[in-house]
Amino acid sequence: MPAKFADPKSHAVPLHLVAEDQLDAWLSGQAAPVSKWVEANNFTGALGQALVVPAIDGAAQMAIAGYGNETSRQRGRFHLAGAAAKLPKGTYRLKTNLPATTLANETLGWLLSSYRFDRYKTSPPMKAELIAPDGVNADLLTTIADGEMLTRDLINTPASDMGPPDLEQAARDLAKTHGADINVITGEELLTQNLPMIHAVGRAANRAPRLIDMRWGKTGKKVTLVGKGVCFDTGGLNLKPAASMGLMKKDMGGAATVLGLAHMIMASGMKIQLRVLIPAVENSVSSNSFRPQDILTSRKGLTVEINNTDAEGRLVLADALALADEEKPDQIISMATLTGAARVAVGPDLAPYFSDSQTFVSTLESTAETHADPVWRMPFHTPYEAMIEPGVADLDNAPSGGFAGCITAALFLRRFVTDSPYAHFDIYGWQPTAAPARPKGGVGQANRAIFSAIETLFHQ
């Protein structure tokens with residue numbers, strides 16, 4: 001179901017957003033029955049509180065949502081969404097003096113809180129609807145919410161229904177919606193087209209590996225998004241233990257996120273030349289699986305020693321990045337659920353990223369803060385290059401020792417981008433516990449920040 005606001009002409013209940021330290025002042029401006037009702041219901045203005053104030057006839061006269069205090073707000077995001085989920089069925093019109101940027105984020109949170117993954121089980125829809133507040137760009141917010149919901153749907157769908165052909169179909173559907181061109185290289189044709197590492201990783205599965213290549217826009221700067229599309233990762237012959245395999249339907253989270261981001265870009269009409277590359281594979285176990293100690297030759301000509309078949313994401317990304325780099329776009333951005341080391345470093349809520357461009361970094365950091373979409377810069381630490389050079393080949397896909405795992409993975413990828421500005425995001429793509437506007441399950445990370453950064457840097 002697409003994100004939407006309520007009809008602005010419909011009857012709406014006023015919804016007052018009140019912080020803890022503003023409650024007394026707000027109550028002083030209300031009629032005595034309202035104050036008594038608020039006090040009787042122990043409404044304090046704490047985050048997540050929601051209260052409907054009835055009129056004499058029992059109908060809703062107004063509603064109040066708690067906005068906490070500065071300390072409590074710093075511990076989360078999308079605070080209005082926490083209250084929205086507790087409001088009864090109805091249409092609401094927000095009454096608040098929040099700054100424009102904060103208002104936009106809280107409004108987006110409300111839209112995102114309506115997300116339900118109901119492909120396999122019917123879920124009750126969100127009962128409360130919001131009229132778009134004055135001062136927000138309603139069309140843009142619904143575009144962003146729809147892109148995020150696409151990402152969530154793709155990640156949440158199990159691999160039985162989201163293999164490489166299904167991911168291709170999702171890309172084709174998106175291309176059709178926006179009039180984009182799409183080309184897909186599948187199976188043995190990957191070898192003919194010199195994409196050997198994508199083929200090597202995916203050849204053991206009964207659903208053929210492929211490279212999805214979507215293009216949109218005829219004028220403007222060139223921006224290429226590359227998303228890791230490992231639709232399920234068993235670990236290959238270096239088989240994962242059961243506990244580590246349980247969430248591997250989300251290993252295509254990078255692909256899901258760039259498709260959601262691509263929707264935001266195309267639906268907003270941004271004036272850039274967009275290219276989306278997704279190597280879509282399953283890392284399966286079979287008699288023709290690639291093996292530890294194999295040496296693969298990449299599209300770029302660099303040889304790679306395989307020291308762990310469970311470090312496959314960087315292999316498929318490498319060929320796609322080399323292809324992207326040949327066109328010398330103005331920016332290449334890769335997104336991948338790449339390393340457990342990134343999760344150990346920053347946890348599930350932050351999106352660590354790598355970039356050598358101070359212009360890109362400063363812009364992204366600004367947009368991330370503006371859009372409540374947290375990121376954390378990690379270093380392309382060149383002295384660690386020796387850690388990914390095994391001696392018998394140009395590169396090692398899984399350096400021993402375990403130190404700096406997300407950095408060495410990023411350095412590996414950077415070897416395949418030599419002629420273009422490059423940024424890499426090592427995302428988690430999963431919300432481990434429910435939070436306002438983010439139910440447990442698949443989630444986009446850094447997509448809003450990147451969307452705004454691309455608009456700032458490349459939109460003409």
[atom2] on [Y] to [atom1] on [X], rounded to 0.5 Å:
| X | Y | atom1 | atom2 | answer |
| --- | --- | --- | --- | --- |
| Leu150 | Ile155 | CG | CD1 | 9.5 Å |
| Met162 | Glu282 | CE | CD | 12.0 Å |
| Thr337 | Ile427 | OG1 | CD1 | 6.5 Å |
| Ile333 | Ser420 | CD1 | OG | 12.0 Å |
| Asp7 | Ile131 | CG | CD1 | 7.5 Å |
| Ile278 | Met252 | CD1 | CE | 8.0 Å |

Is the distance between the ring centroids of Trp216 and His178 under 6.0 Å?
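Ring centres of His178 and Trp216 not closer than 6.0 Å.
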
Report yes if the distance between the aromatic ring centroids of Tyr384 and Phe380 is under 6.0 Å, otherwise no.
no

Heavy-atom side-chain contact between [X] and [Y] under 4.5 Å:
| X | Y | result |
| --- | --- | --- |
| Arg172 | Glu168 | yes |
| Cys406 | Leu338 | no |
| Met149 | Ser114 | yes |
| Pro374 | Arg77 | yes |
| Glu312 | Asp233 | yes |
| Glu129 | Lys4 | yes |
| Ile64 | Trp37 | no |
| Phe451 | Thr143 | no |

Residue among Arg314, Lys228, Arg343 satisfying salt bridge (charged side-chain N to carboxylate O under 4.0 Å, His left out) with Asp426
Arg343

Return the minimal non-hydrogen interatomic distance between [X] and [Y], and the atom names on each side.
| X | Y | value |
| --- | --- | --- |
| Val285 | Leu239 | CG2-CD1, 3.9 Å |
| Ser357 | Ser355 | N-OG, 3.1 Å |
| Ala318 | Phe412 | CB-CE2, 4.2 Å |
| Pro133 | Thr107 | CG-OG1, 3.6 Å |
| Val281 | Pro209 | CG1-CB, 3.6 Å |
| Ala65 | Ala83 | CB-CB, 3.7 Å |

Can you list the steps and then say if Asp166 with Thr157 is a side-chain contact (heavy atoms from CB on, under 4.5 Å)?
CA-CA 10 Å; Asp166 306 290; Thr157 303; over 6 Å; no

Polar side-chain atom of [X] near backbone of [Y] as donor-acceptor pair, under 3.5 Å:
| X | Y | value |
| --- | --- | --- |
| Asn105 | Thr370 | yes |
| Asn283 | Thr309 | yes |
| Arg210 | Ala208 | yes |
| Asp373 | Ala446 | yes |
| Lys250 | Gly442 | no |
| Thr91 | Ala12 | no |
| Asp213 | Asn183 | no |
| Lys249 | Asn156 | yes |
| Glu148 | Arg448 | no |
| Asp330 | Lys222 | yes |

Are more than 12 heavy atoms from other residues, nucleotides or ligands located less than 6.0 Å from atom CD of Glu327?
yes

Is the count of non-hydrogen atoms from other residues, nucleotides or ligands lying under 6.0 Å from Glu70 atom CD greater than 12?
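Result for CD/Glu70: open.
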
For [X] and [Y], does a side-chain donor sit closer than 3.5 Å to a side-chain acceptor?
| X | Y | value |
| --- | --- | --- |
| Asn447 | Thr257 | no |
| Tyr67 | Glu106 | yes |
| Asp356 | Tyr422 | no |

NZ/NE/NH1/NH2 to OD/OE distance under 4.0 Å, [X] and [Y]:
| X | Y | value |
| --- | --- | --- |
| Arg377 | Glu365 | no |
| Asp251 | Lys240 | no |
| Lys218 | Asp181 | yes |

Taking the six-membered ring of Phe354 (Phe, Tyr or Trp), confirm whether the NZ or CZ of Arg414 is under 6.0 Å from its centre and within 45° of its axis.
no

Do the rings of Phe425 and Phe360 sit parallel, tilted or perpendicular, given the 30° and 60° boundaries?
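Because their plane-to-plane angle is over 60°, the rings of Phe425 and Phe360 count as perpendicular.
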
Pairs of donor and acceptor atoms involving the side chains of residues 453-460, under 3.5 Å and at least two apart or interchain, shall be tabulated with distances.
unit_1	atom_1	unit_2	atom_2	d
Thr456	OG1	Ser452	O	2.9
His459	ND1	Lys271	N	2.9

Test of understanding: with salt bridge (Lys or Arg N to Asp or Glu O under 4.0 Å), list the residues that count as partners of Asp319, not counting sequence neighbours.
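Checked Asp319 against salt bridge (Lys or Arg N to Asp or Glu O under 4.0 Å); zero matches.
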
Does the side-chain contact (heavy atoms from CB on, under 4.5 Å) test come out yes or no for Gln273 and Arg215, once each step is laid out?
CA-CA 7 Å; Gln273 296 182 66; Arg215 294 177 183 267; over 6 Å; no

Can you name the side chain to side chain contact (heavy atoms under 4.5 Å, CB included) partners of Ala55, sequence neighbours left out?
Asp57, Gln61

I would like to know whether Val226 and Leu317 meet side-chain contact (heavy atoms from CB on, under 4.5 Å); could you show each step before the answer?
CA-CA 7 Å; Val226 181; Leu317 286 172; 3.8 Å; yes

Are Val13 and Val52 close enough, and set up right, to give a side-chain contact (heavy atoms from CB on, under 4.5 Å), and what steps lead you there?
CA-CA 9 Å; Val13 176; Val52 173; 5.8 Å; no

Please determine whether side chain to side chain donor-acceptor pair (under 3.5 Å) holds for the pair Ser72 and Asn69, giving the CA-CA distance in whole Å, both sets of side-chain angles, and the decisive distance to 0.1 Å.
CA-CA 5 Å; Ser72 62; Asn69 55 51; 3.3 Å; yes

